[in-house]
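To start, the structure under review is shown below, and the notes come after it.
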Amino acid sequence: VNGDVAVVIGTGGMGRAIGRRIGGGRHLLLADFDQEALASVADTLRGEGHQVTARHVDVGDAESVRELAEAAAALGPVKALAHTAGLSPVQAPPAAVLRVDLLGAALVLEAFAEVVAPGGAAVVIASMAGHLFPPLDPEFERQLATVPAGALLDLPLVAAVTESSAAYGIAKRANLLRVQTAAGPWGARGARVNAISPGVIATPMGQQELDGESGGQMRAMIAMSGTGRIGTPDDIAAAAAFLLGPDATFITGTDLLVDGGVVAAVKVRL
Ligand SMILES: NC(=O)c1ccc[n+]([C@@H]2O[C@H](COP(=O)([O-])OP(=O)(O)OC[C@H]3O[C@@H](n4cnc5c(N)ncnc54)[C@H](O)[C@@H]3O)[C@@H](O)[C@H]2O)c1
């Protein structure tokens, strides 16, 4: 282990695959809300030879996120961060989706901007839902991009959201906007930050979405996509490793759509 720290927030399907991919030779700090799932993934990766520290976090709680960032910095230079914690529309009501997917990602970007090491990089897992959601009012987008994280849930157009699918679409669009905004402060520290927008990925969350009421529509979108298949957690881990690694040092403040061609197919047919 070279002393560098890689942080993976959210140890579900994608978090585990990303941790496995980027953890080698580093101290891997895994964090999740679900203590049991966290312990199990930490054990699995330890069993595979990784040096792992596991820590509870609630990404919707500013104090909890700040403590996680401090704990990461106390382990060594924070060179990589993958933020994968999220709730999908079938998993939770709108307020919970907004708290985790909108506020959570923003709090993580703010807190880790204070501790990331020079040469470090982050990826935030957004979603193709952010690309498929109807255009937002430019003034609303400006607010989503720029207000302090702690003020996001009080924005009138956020507080007015009544459906989980709208909460998810707005949160995931906001993830891209927050990453654009964060590129400046992260750059001032010699660090980079990008988003990845996955399509349908075979994780517990992806499976729940396929089993939910929009499952038929998702299957139809996959069928008409350029690849015609569901994505694997490792498809996302490969993209994360690229964006976090030495081949991406000129890439910051942007988003990589890793959706097997679904958004392209939907846009061509509209
Ligand atoms: N699976 C898909 O098809 C898909 C598609 C597009 C985007 N995404 C996004 O990818 C990310 C990862 O999803 P996944 O498929 O690995 O899902 P997953 O459900 O397997 O993992 C998500 C993890 O986030 C954790 N989490 C939830 N609330 C939290 C909180 N408050 N604090 C800390 N951790 C919390 C959960 O405990 C879980 O371990 C999410 O942001 C999701 O929205 C998933």
Side-chain angles (χ1 to χ4, degrees), residues 10 12-14 33 58-62 83-109 124-182 195-201 203-222 224-225 231 236 255 257-260 262-267 269-270:
M14 287 186 211
F33 186 71
D58 175 2
V59 298
D61 178 338
H83 174 62
T84 81
L87 285 178
S88 81
V90 297
Q91 290 176 326
V97 170
L98 289 168
R99 182 174 175 279
V100 173
D101 296 347
L102 174 65
L103 175 62
L107 287 173
V108 166
L109 285 172
V124 171
I125 306 298
S127 173
M128 72 172 174
H131 291 258
L132 294 172
F133 200 71
L136 301 178
D137 173 71
E139 174 55 22
F140 183 35
E141 289 213 334
R142 196 191 60 76
Q143 293 170 346
L144 288 172
T146 56
V147 301
L152 280 167
L153 298 185
D154 295 328
L155 291 174
L157 288 174
V158 170
V161 170
T162 55
E163 283 180 18
S164 290
S165 56
Y168 193 73
I170 289 169
K172 294 303 188 177
R173 179 75 57 75
N175 290 166
L176 312 185
L177 297 167
R178 301 297 293 193
V179 159
Q180 283 181 356
T181 304
I196 293 174
S197 289
V200 185
I201 308 297
T203 66
M205 181 189 292
Q207 197 52 55
Q208 270 180 283
E209 285 294 322
L210 285 169
D211 294 342
E213 64 178 22
S214 57
Q217 198 189 344
M218 288 167 74
R219 278 192 190 80
M221 288 196 303
I222 293 169
M224 72 184 194
S225 71
I236 301 306
D255 173 59
L257 179 61
V258 186
D259 72 337
V262 166
V263 169
V266 169
K267 293 212 163 161
R269 276 169 207 226
L270 278 180

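Computed from a predicted model, the values in this text were never measured in an experiment. For this chain, numbers begin at 1 and follow the sequence in order.
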Test item: Val200 and Val262 side chains (from C-beta on) under 4.5 Å apart, heavy atoms: no
No-hydrogen, no-angle side-chain donor-acceptor test under 3.5 Å, Asp255 and His131: yes
Side-chain heavy atoms of Lys267 within contact of Val263, under 4.5 Å: yes
Pair Gln143-Leu157, side chain to side chain contact (heavy atoms under 4.5 Å, CB included): steps then yes or no: CA-CA 10 Å; Gln143 293 170 346; Leu157 288 174; 5.6 Å; no
Check: Val258 and Met128 side chains under 4.5 Å, non-hydrogen atoms: no
Salt bridge (charged side-chain N to carboxylate O under 4.0 Å, His left out) partners of Arg142, counting only residues at least two apart: Glu139
Any donor-acceptor N/O pair, Arg178 side chain to Leu109 backbone, under 3.5 Å: no
Set of residues satisfying side-chain contact (heavy atoms from CB on, under 4.5 Å) with respect to Asp154, sequence neighbours excluded: none
Pairwise side-chain contact, Val97 with Pro89, heavy-atom cut-off 4.5 Å (strictly under): no
Any donor-acceptor pair under 3.5 Å from Thr181 side chain to Ala145 backbone: yes
Contact check, side chains of Met221 and Leu132, non-hydrogen atoms, under 4.5 Å: yes
Report, one line per pair, each donor and acceptor closer than 3.5 Å where one atom sits in a side chain of residues 162-170; sequence neighbours left out.
unit_1, atom_1, unit_2, atom_2, d
Ser164, OG, Ala92, O, 2.6

Gln217 backbone acceptor or donor facing Ser214 side chain under 3.5 Å: no
Donor-acceptor contact present, side-chain Gln91 to main-chain Ser88, <3.5 Å: yes
side-chain contact (heavy atoms from CB on, under 4.5 Å) against Glu213, all qualifying residues, sequence neighbours excluded: none
Where at least one partner belongs to residues 97-107, residue pairs that pass salt bridge (Lys or Arg N to Asp or Glu O under 4.0 Å), sequence neighbours excluded: Asp58-Arg99
side-chain contact (heavy atoms from CB on, under 4.5 Å) involving Ala95 - partner list, sequence neighbours excluded: none
Residue pair Ile125 / Pro198, side-chain heavy-atom distance below 4.5 Å: yes
Check: Leu144 and Val158 side chains under 4.5 Å, non-hydrogen atoms: yes
Check: Val90 main-chain N/O paired with Glu209 side-chain donor or acceptor under 3.5 Å: yes
Contact check, side chains of Leu98 and Leu153, non-hydrogen atoms, under 4.5 Å: yes
